Amino acid sequence: MKHILFSIVVFCQSFALFSQENQTQTLLKVKALQEKKAEYHTKTNGESDGYRVKIHFSADKTKAREIQTKFSAKYSNINTYEEYQQPNFVINVGDFKTKLEAYELLKKIKEDFPYAFIVKSKIRPMKL
C-alpha cells in the first residue's frame with residue numbers, strides 16, 4: 001500500500017513539473033510569435049494583400065479629385081485612395097480581404113460609378 005501511495009505522489013509531482021515546463025515553453029513560443037508578427041508589420045507597413053474597387057482613372061487630376069469628393073460625400077465610411085500611376089490619376093476605394101467583399105461594394109456603387117471594377121491591391125487593416 002505504501003508503494004502505491006508513494007508511486008502516486010511521485011507521479012503527481014512529476015506531472016506538475018511537466019505541466020509548468022510545458023506552460024513556460026508555450027508562453028515563450030507565444031512571445032516569439034508576437035515578436036515575429038510585430039516585425040512583419042513594421043516591414044510591410046501594416047499592409048496585406050487584398051482588393052479595392054477602382055472607380056476612376058484618367059490623366060486629369062482635377063477630374064480625379066472631383067470623383068473622389070463625389071464618392072466620399074455619398075459613402076463617407078469607406079476609405080478612398082488617390083494614386084498616380086503614370087500617366088493616370090487613379091481613385092481606388094475600400095480595403096477588402098476577399099474579392100466577394102469588394103464585389104458587394106461594386107454592386108452597391110455600380111449605378112453611380114458604372115465603369116468601376118475590382119483590382120488586387122495592398123490594403124490597410126481596419127481600425128477598431
Side-chain angles (χ1 to χ4, degrees):
M1 181 72 174
K2 281 185 173 181
H3 294 304
I4 294 174
L5 191 57
F6 179 74
S7 298
I8 291 174
V9 170
V10 169
F11 175 74
C12 288
Q13 286 178 346
S14 63
F15 183 74
L17 277 174
F18 178 73
S19 280
Q20 287 175 349
E21 287 176 18
N22 214 4
Q23 285 178 337
T24 305
Q25 288 175 353
T26 302
L27 289 174
L28 290 173
K29 287 178 184 178
V30 167
K31 185 172 173 88
L33 285 173
Q34 288 173 334
E35 289 170 359
K36 281 184 182 181
K37 184 176 181 181
E39 181 183 337
Y40 173 78
H41 280 290
T42 353
K43 286 181 180 176
T44 62
N45 231 3
E47 295 181 336
S48 61
D49 291 332
Y51 298 91
R52 289 190 174 146
V53 178
K54 186 178 286 191
I55 60 171
H56 178 78
F57 61 97
S58 74
D60 185 0
K61 185 176 185 175
T62 308
K63 181 70 174 166
R65 292 244 168 106
E66 191 179 297
I67 296 289
Q68 185 177 20
T69 305
K70 176 183 171 186
F71 182 88
S72 293
K74 191 159 186 177
Y75 305 99
S76 59
N77 61 331
I78 299 172
N79 294 333
T80 62
Y81 303 95
E82 179 185 333
E83 298 175 24
Y84 180 69
Q85 298 172 352
Q86 195 171 2
N88 293 317
F89 290 92
V90 177
I91 305 298
N92 291 327
V93 297
D95 289 302
F96 304 103
K97 286 214 173 267
T98 66
K99 200 171 190 176
L100 183 61
E101 292 171 342
Y103 184 70
E104 288 174 11
L105 175 67
L106 181 64
K107 286 191 314 187
K108 189 192 300 187
I109 68 171
K110 201 64 168 171
E111 189 174 309
D112 296 322
F113 303 94
Y115 299 109
F117 57 95
I118 297 170
V119 293
K120 276 190 151 193
S121 183
K122 291 289 184 185
I123 61 168
R124 297 183 181 142
M126 294 176 54
K127 293 191 168 110
L128 300 175

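The first residue in the sequence is number 1, and the count goes up from there. Note: hydrogens, waters and symmetry copies are ignored here, and every other heavy atom, side chains too, is used. It should be emphasised that the depicted structure is a prediction, and the values quoted were computed from it without experimental measurement.
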In this structure, NZ of Lys108 is separated from NZ of Lys74 (nearest 0.5 Å) by 10.5 Å
Locate the shortest heavy-atom distance separating Ile109 from Ala116; write the atom from each residue and the value.
CD1-CB, 4.3 Å
To the closest 0.5 Å, what do you measure between NZ (Lys31) and CG (Leu28)?
9.0 Å
When you compare the side chain of Phe57 with that of Gln85, does any pair of heavy atoms fall below 4.5 Å?
no
Examine Ile55 and Tyr103 and state if one hydrophobic cluster contains both, with Ile, Leu, Val, Met, Phe, Trp and Tyr joined whenever side-chain heavy atoms are less than 4.5 Å apart.
yes
Would a single hydrophobic cluster contain both Tyr51 and Leu106, if residues Ile, Leu, Val, Met, Phe, Trp and Tyr are joined by side-chain heavy-atom contacts under 4.5 Å?
yes
Taking Arg52 for the side chain and Gly94 for the main chain, is one N or O donor matched with an acceptor at less than 3.5 Å?
yes
Determine whether Lys97 and Ile123 make a side-chain contact, defined as any pair of heavy atoms from C-beta on separated by less than 4.5 Å.
yes
What are the two closest non-hydrogen atoms of Tyr81 and Asp95, and how far apart are they?
OH-OD2, 2.5 Å
In Å, rounded to the nearest 0.5 Å, how long is the span from CG of Asp60 to CG of Asn88?
10.5 Å
Do Phe113 and Ile91 come close enough that some side-chain heavy atom pair is under 4.5 Å?
no
N-O pairing of Glu66 and Lys63 below 4.0 Å
yes
Which heavy-atom pair separates Val93 from Phe96 by the least distance, and what is that distance?
O-CE1, 4.1 Å
For atom OH of Tyr115, is the number of surrounding heavy atoms from other residues, nucleotides or ligands below 6.0 Å larger than 12?
no
Do the non-hydrogen side-chain atoms of Phe71 and His56 ever get within less than 4.5 Å of each other?
no
What I'd like to find out is whether the side chain of Tyr75 reaches to under 4.5 Å of the side chain of Thr80, using heavy atoms alone.
no
Nearest heavy-atom neighbours spanning Ile118 and Lys99:
CD1-O, 4.0 Å
